[in-house]
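The figures here come from the full heavy-atom set of this structure, side chains too, leaving out hydrogens, waters and symmetry mates. Chain A is the first sequence line, chain B the second, and so forth, proteins listed ahead of strands; every chain is numbered from 1.
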2 protein chains.
Amino acid sequence: MKIQDNRTENRILKAALKQFGSKGFDRATVDSIARVAGIAKGTIYLYFKNKEAIYAGACVQQFDRLMEGMTAEISAAGSAEQKLTGIAQYLSSYIVKIRSSLPFFDIENIHLTAQTLKSLHSVVMPKMIKMNRIIAEVISLGIKDREFRELDPQIAAFCFISLMRAMFMNMMFKFDTAENADDIMRIFLCGIKRR
Amino acid sequence: MKIQDNRTENRILKAALKQFGSKGFDRATVDSIARVAGIAKGTIYLYFKNKEAIYAGACVQQFDRLMEGMTAEISAAGSAEQKLTGIAQYLSSYIVKIRSSLPFFDIENIHLTAQTLKSLHSVVMPKMIKMNRIIAEVISLGIKDREFRELDPQIAAFCFISLMRAMFMNMMFKFDTAENADDIMRIFLCGIKRR
DNA sequence: TTATAATGACTGACCAGTCAGTCATTATGG
DNA sequence: CCATAATGACTGACTGGTCAGTCATTATAA
């Protein structure tokens with residue numbers, strides 16, 4: 001009962017990720033989330049106030065997991081370039097793991113959803129800003145070490161994240177990613193490295 | 001029904017762009033499109049088979065307009081770098097013009113929608129591929145002129161478009177774009193230029 | 001007068017959220 | 001050790017509201 005609490009909530013979030021990921025907010029039904037989670041619809045409302053809250057919950061969980069893995073990569077030894085490459089690889093492996101729910105990570109989709117569903121904005125925005133800051137810090141480090149040229153780390157971080165995201169979204173629709181990923185990374189790194 | 005009233009169809013598409021742009025496919029109602037267009041709902045169904053067809057129509061119209069403007073920039077004199085900068089500026093001005101409907105151009109949103117609404121996929125995909133090819137051709141030119149280094153033009157084009165899109169989406173939510181745009185362009189150009 | 005264009009009330013399907021009731025588990029007390 | 005009571009997690013039929021698409025009717029123009 002008490003212990004199961006967590007299990008049930010997690011089952012809901014897992015099902016929600018899958019449903020929202022594959023169908024988007026509006027087309028995923030609470031019924032379908034319940035069905036995938038293997039529980040009754042009513043149960044969901046014991047754990048979440050409404051549909052938006054389910055979405056927000058899944059969002060926060062995923063962002064937190066991503067952030068955790070990224071910070072692990074950053075604290076590993078190596079140059080700034082190596083850290084960025086490490087993050088890219090980590091993201092890549094994570095994304096493969098949750099492949100079928102990938103569209104959930106379409107940040108612009110989150111943006112859009114957050115715009116429509118006001119309550120999401122306050123939950124998701126800080127996470128996105130934090131993620132940008134974490135990358136920006138790595139780039140700052142690279143600039144200080146004269147590894148990268150002098151540029152605005154925030155903007156470079158924005159480019160990094162945008163390219164990552166675009167690449168993964170692309171991966172969804174074609175299946176020719178492996179070598180492209182390196183090429184894209186190279187363009188980005190050439191763009192910020194000292195020469 | 002013989003000679004379709006072009007004016008009415010255009011009013012519908014214009015209203016559709018606004019509604020789909022600000023609310024997304026599912027939350028924009030056909031009623032609201034009719035209201036904005038200043039006609040009755042039934043009239044819409046004289047011009048479009050269903051809601052999807054309205055979306056597809058607006059999509060195609062916007063892509064075509066964009067493509068037209070881009071090819072104009074490309075045929076202007078100048079280096080490949082100048083052409084790319086020209087395209088970026090054109091896109092920027094276009095986007096400012098249709099500001100309130102910007103999310104409509106969230107390509108990943110289209111991706112998502114297209115996945116759910118299979119019929120869209122076949123309409124939108126070729127346009128996206130064509131857009132990528134147009135940019136790739138400019139980059140190929142730059143490589144041939146030894147302006148850019150040897151790299152896969154398709155992938156570089158993908159990076160260019162991804163960064164453009166991300167930038168414009170960002171513009172939607174913050175308002176600090178003007179100078180950022182240059183910085184982002186510089187990172188990209190450094191990434192592909194010969195050194 | 002006739003053909004065509006436009007209208008908007010209506011329908012049927014769908015879905016978020018509710019709530020009265022079930023049942024397995026745990027607590028109590030004799 | 002057993003019988004009864006209390007708990008609360010879980011259920012799913014139901015409701016109220018929304019919206020895409022239809023069609024009988026009306027307006028317009030030729």
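- A close approach under 4.0 Å does occur between a side-chain nitrogen or oxygen of A/T8 and OP1 or OP2 of D/dC10.
- One interatomic measurement links the two molecules: CZ of A/F25 to P of C/dC15, which rounds to 13 Å at whole-angstrom precision.
- Partners of A/F148 by ring pair (Phe, Tyr, Trp, His ring centres under 6.0 Å), not counting sequence neighbours: none found.
- Between the P atom of D/dC14 and the OH atom of A/Y45 lies a distance of 18 Å, rounded to the nearest Å.
- Shown here are the salt bridge (Lys or Arg N to Asp or Glu O under 4.0 Å) partners of B/R186, two or more places apart in sequence or in another chain: B/D183.
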Could you list the protein-to-nucleotides 28-30 of chain D atom pairs, N/O on both sides, closer than 3.5 Å?
none

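- A donor-acceptor pair under 3.5 Å is absent between the side-chain atoms of A/S32 and the main chain of A/A28, judged by distance alone.
- Every pair passing side-chain hydrogen bond (donor to acceptor under 3.5 Å, both in side chains) that includes a residue from residues 129-149 of chain B is listed here, sequence neighbours excluded: B/S79-B/E147, B/N132-B/Q154.
- The separation between B/D26 atom CG and D/dT18 atom P is 17 Å, rounded to whole Å.
- With D/dT22, C/dT18, D/dA9 as the candidates, the nucleotide lying closest to the side chain of A/L46 is D/dA9.
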Residues 38-45 of chain A, side-chain donor-acceptor partners within the protein, below 3.5 Å, at least two apart:
{"from": "A/K41", "atom 1": "NZ", "to": "A/D31", "atom 2": "OD2", "distance (Å)": "3.2"}
{"from": "A/T43", "atom 1": "OG1", "to": "A/A40", "atom 2": "O", "distance (Å)": "3.4"}

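- B/N50 pairs by the side-chain hydrogen bond (donor to acceptor under 3.5 Å, both in side chains) definition with nothing, not counting sequence neighbours.
- Residues that satisfy the side-chain hydrogen bond (donor to acceptor under 3.5 Å, both in side chains) test with B/E81, not counting sequence neighbours, are B/K193.
- In this structure, NZ of B/K51 is placed 9 Å from P of D/dC19, rounded to the nearest angstrom.
- Between A/Y47 and D/dC10 there is a side-chain polar atom (N or O) within less than 4.0 angstrom of OP1 or OP2.
- Nucleic acid contact class of B/A28 (heavy atoms, under 4.0 Å, all strands): sugar-phosphate only.
- In this structure, B/K14 has no side-chain hydrogen bond (donor to acceptor under 3.5 Å, both in side chains) partners at least two apart in sequence or on a different chain.
- The separation between B/I54 atom CD1 and D/dC19 atom C1' is 13 Å, rounded to whole Å.
- Applying the salt bridge (Lys or Arg N to Asp or Glu O under 4.0 Å) rule to A/K51 yields no partners; only residues at least two apart in sequence or on another chain are considered.
- Under a 3.5 Å cut-off, the side chain of B/S92 and the backbone N or O of B/A88 do not form any donor-acceptor pair.
- Relative ring orientation between A/F188 and A/F160 is described as tilted, the plane-to-plane angle lying within the 30° to 60° band.
- Rounded to an integer number of Å, the gap from A/E9 CD to D/dA9 C1' is 14 Å.
- Remark on the helix from C/dT1-D/dA30 to C/dG30-D/dC1: inter-end axis angle 10°, axes from five-pair C1' superpositions, rounded to 10°.
- When rounded to the nearest whole Å, the span between OH of A/Y55 and P of C/dA16 equals 15 Å.
- Distance, A/E52 CD to C/dC15 P: 18 Å, rounded to whole Å.
- Using a 4.0 Å cutoff on non-hydrogen atoms, the parts of residues 32-44 of chain B near DNA chain D are B/K41, ordered by number.
- Under the salt bridge (Lys or Arg N to Asp or Glu O under 4.0 Å) criterion, A/K83 pairs with no residue, sequence neighbours left out.
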